Amino acid sequence: MMNSTQYVLLSLLAREPLSGYDMKQQVDGRISFFYKMNNNQLYPSLSKLEADGLIRLQSHEKESYRPTKKVYAITDEGLACLKAWVTEPSEPEAWDEFLLKQYSSWLVEPDVLISILETRRREHEERLNGYKEKVAAFREQYEPLSSDHPFFSTVAVIEMGIGFERSYIEWCSNMIGWLKENRI
């Protein structure tokens, strides 16, 4: 069973061959706002991916006084594994995993992605409606909700959830539109 770090590495290598150091730099620059990875995860994951035949050592690069750099490339098997993972359903709460999959969505046919995104959007529309119903019930039962009332904070946190769900739905809709237009 693969973990998300391994899929992140495959995602990076699907774009271009990289060294471990370069992968860490790209994670820090491109993915770190929604997924964190430390060096303790990186090199064991590379070894596992190589042992499983999903990546291969492409070359050793030596720069004067620096240690030799190992550059890895994804294999056809690794690319197939990554594509399959991107289309697997994620739990609605698994935001990080969903974003990681979307990071590699360029590998999958637009119609497949549109179907996934439409399902995801419906799930979050249902969740949004549930949050709105909870807020309405609290407001009806405890109005007015002043800042010293225990349900003030409850409603405030649910309002944050409402904002998140609206953003998620909007992003799914935007992504569907971009896929249909074949541009962003």
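Since we're looking at a predicted model, the values are computed, not measured.
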How long is the span from the [atom1] atom in [X] to the [atom2] atom in [Y], to the nearest 0.5 Å?
| X | Y | atom1 | atom2 | value |
| --- | --- | --- | --- | --- |
| Leu10 | Leu100 | CG | CG | 11.5 Å |
| Lys24 | Tyr43 | NZ | OH | 10.0 Å |
| Gln41 | Lys36 | CD | NZ | 12.0 Å |

Side-chain donor-acceptor contact under 3.5 Å, [X] with [Y]:
| X | Y | result |
| --- | --- | --- |
| Tyr35 | Ser4 | yes |
| Gln26 | Glu16 | yes |
| Ser104 | Ser11 | yes |
| Glu97 | Ser90 | yes |

Under a 4.5 Å cut-off applied to non-hydrogen side-chain atoms, are Pro144 and His149 in contact?
no
Do the side chains of Glu50 and Tyr72 get nearer than 4.5 Å, heavy atoms only?
yes
Is the side chain of [X] donor-acceptor paired with the backbone N or O of [Y] at a distance under 3.5 Å, no angle test?
| X | Y | result |
| --- | --- | --- |
| Ser115 | Asp111 | no |
| Gln141 | Phe138 | no |
| Lys101 | Glu88 | yes |
| Asp22 | Leu18 | no |
| Asn38 | Asn40 | yes |
| Lys180 | Ile176 | no |

Should the pair Tyr168 and Phe164 be assigned to parallel (<30°), tilted (30 to 60°) or perpendicular (>60°) ring geometry?
perpendicular
Could you pull out the closest heavy-atom pair between Leu79 and Ala14, with the gap in Å?
CD1-CB, 4.0 Å
What's the shortest heavy-atom distance between Gly20 and Leu46, and which atoms?
CA-CD1, 4.0 Å
Name all residues meeting the side-chain contact (heavy atoms from CB on, under 4.5 Å) criterion together with Thr75; count only those two or more places apart in sequence or in a different chain, and write none if there are none.
Arg56, Glu77
With sequence neighbours excluded, residues passing ring-ring contact (aromatic ring centres under 6.0 Å, His included) with Tyr131
none
Is Arg120 positioned over the aromatic face of Phe98, cation under 6.0 angstrom from the ring centre and no more than 45 degrees off axis?
yes
